[in-house]
There are 2 protein chains.
Amino acid sequence: MKKKTELSIETTEMARVLKALGHPVRLYIIQKLLKMNACCYSGDLVDEIPVGRSTLSQHLKELKYAGLIQGEVEPPYIKYCLNKGNWEEARKMFNELFTENEQL
Amino acid sequence: MKKKTELSIETTEMARVLKALGHPVRLYIIQKLLKMNACCYSGDLVDEIPVGRSTLSQHLKELKYAGLIQGEVEPPYIKYCLNKGNWEEARKMFNELFTENEQL
DNA sequence: TCTTTATTTCGCAAAATAACGAAATGATAT
DNA sequence: ATATCATTTCGTTATTTTGCGAAATAAAGA
């Protein structure tokens with residue numbers, strides 16, 4: 001028997017997004033962007049989050065790589081905003097996962 | 001300035017759940033339990049997931065530790081089911097995160 | 001008692017992650 | 001040309017995660 005099917009692309013991709021959100025610092029950033037419905041700067045975040053500048057930069061990079069945020073250069077700042085298109089995609093995915101079984 | 005506030009318990013806890021879901025194997029298991037609205041056995045999973053028995057066992061342990069599933073001993077099997085109470089909590093958390101900003 | 005069966009724990013190795021401070025970058029202002 | 005500024009990249013270290021196979025466990029059957 002033993003099919004050992006590869007896990008689907010959808011599952012793998014969704015897990016990637018969940019993983020990106022699965023760190024307090026990164027989740028905090030996303031929550032903040034959602035709550036404010038706005039963008040923010042690394043310099044603002046570094047005052048609110050107990051982590052050094054370079055570490056924060058790494059987390060921003062990961063969120064960007066996961067497609068959840070995007071950065072616009074506004075010298076000497078970089079303005080980080082939600083990637084709304086991708087976020088909407090993610091929202092749909094999660095909604096499916098979380099609500100298709102409300103009867104539980 | 002530099003407040004360096006600790007991140008809130010809520011954010012930290014939510015990140016823990018997201019992290020637990022942030023692996024393809026673990027997400028697959030949860031998706032399966034949701035879809036079937038039922039329980040499953042480690043032995044079933046090992047035929048569907050491309051990973052060894054001991055590795056699978058580790059992932060089940062992590063899902064259990066994160067409170068997402070629970071296991072009932074049914075010798076010689078162990079029946080794994082969603083922890084419905086905790087799942088409902090998680091569902092609410094995520095719903096808040098993902099839907100409070102549908103206007104985006 | 002000795003197997004068998006399903007599953008977990010153990011011990012290990014490889015890879016990934018998280019964090020830091022120092023140095024680099026790139027743009028502007030002096 | 002040099003200094004400043006916000007931010008990133010680099011190099012490093014410590015820790016965690018992922019994965020495996022071998023051995024252990026625990027229950028039931030021969």
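Quick note on labels: first sequence line is chain A, next is B, and so on, each numbered from 1. The model shown is predicted, which means the values in this text are computed figures rather than measured ones.
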(Q) With a 4.5 Å cut-off on side-chain heavy atoms, are B:K19 and B:R16 touching? (A) no
Q. Roughly how many Å is it from CD in B:E74 to C1' in D:dA28, rounded to a whole number?
A. 15 Å
Q) Is any side-chain N of the basic residue among B:K92 and B:E89 closer than 4.0 Å to the acidic one's carboxylate O? A) no
Q: State which residues pass disulfide (SG to SG under 2.5 Å) with A:C40; sequence neighbours excluded, sorted by chain then number.
A: none
(Q) Give me each pair satisfying ring pair (Phe, Tyr, Trp, His ring centres under 6.0 Å) with a member in residues 42-61 of chain B, each pair once, sequence neighbours excluded. (A) B:H23-B:H59
Q.
Would you compute the distance between atom CG of B:L27 and atom CD of A:E10 and round it to the nearest 0.5 angstrom?
A. 11.0 Å
Enumerate the protein-to-nucleotides 21-24 of chain C contacts in which both atoms are nitrogen or oxygen and the separation is below 3.5 Å.
residue : atom : partner : partner atom : Å
C:dG21  : N7   : A:S54   : OG           : 3.2
C:dG21  : O6   : A:S54   : OG           : 3.0

Q) Could you give the CD1-to-P distance, from B:I69 to C:dT8, as a whole number of Å? A) 9 Å
Q | Any side-chain heavy-atom pair of A:V17 and A:E13 under 4.5 Å | A | yes
Q.
Please report the distance, rounded to the nearest Å, between CG in B:L63 and P in C:dT8.
A. 12 Å
Q. Once you round it to whole Å, what is the distance between P of C:dT8 and OH of B:Y65?
A. 18 Å
Q) To the nearest 0.5 Å, what is the distance between CG (A:L63) and OH (A:Y80)? A) 9.5 Å
Q: Could you tell me which non-hydrogen atom of B:K79 sits nearest to which non-hydrogen atom of B:C39, and how far apart they are?
A: CG-CB, 3.5 Å
(Q) What verdict does the side chain to side chain contact (heavy atoms under 4.5 Å, CB included) test give for A:S42 and A:I78, after you've listed the backbone C-alpha separation in whole Å, the side-chain angles of each residue and the deciding distance to 0.1 Å? (A) CA-CA 7 Å; A:S42 177; A:I78 297 176; over 6 Å; no
Q) Taking for each residue the nucleotide of DNA chain C with the nearest heavy atom, is it B:K61 or A:L56 whose nucleotide lies nearer the 5' end? A) B:K61
Q. For D:dT17, does OP1 or OP2 lie under 4.0 Å from any side-chain N or O of B:H59?
A. no
Write out a two-atom table: protein N or O, nucleotide N or O from nucleotides 1-7 of chain C, distance below 3.5 Å.
residue : atom : partner : partner atom : Å
C:dA6   : O4'  : B:P76   : O            : 3.1
C:dT7   : OP2  : B:G43   : N            : 2.7

(Q) What I'd like to find out is whether the side chain of B:L60 reaches to under 4.5 Å of the side chain of B:L45, using heavy atoms alone. (A) yes
Give every pair of a protein N or O atom and an N or O atom of nucleotides 13-17 of chain C that lie under 3.5 Å apart, one pair per line with the distance.
residue : atom : partner : partner atom : Å
C:dT17  : OP1  : A:K19   : NZ           : 2.6

Tell me which donor-acceptor pairs under 3.5 Å the side chains of residues 66-77 of chain B have, and how far apart each pair is, sequence neighbours excluded?
residue : atom : partner : partner atom : Å
B:E74   : OE1  : B:Y41   : OH           : 3.0

Q. In whole angstroms, how far is the C1' atom of C:dA18 from the CG atom of B:L7?
A. 14 Å
Q | Protein-nucleotide distance (B:Q58, atom CD; D:dT16, atom P), rounded to Å | A | 15 Å
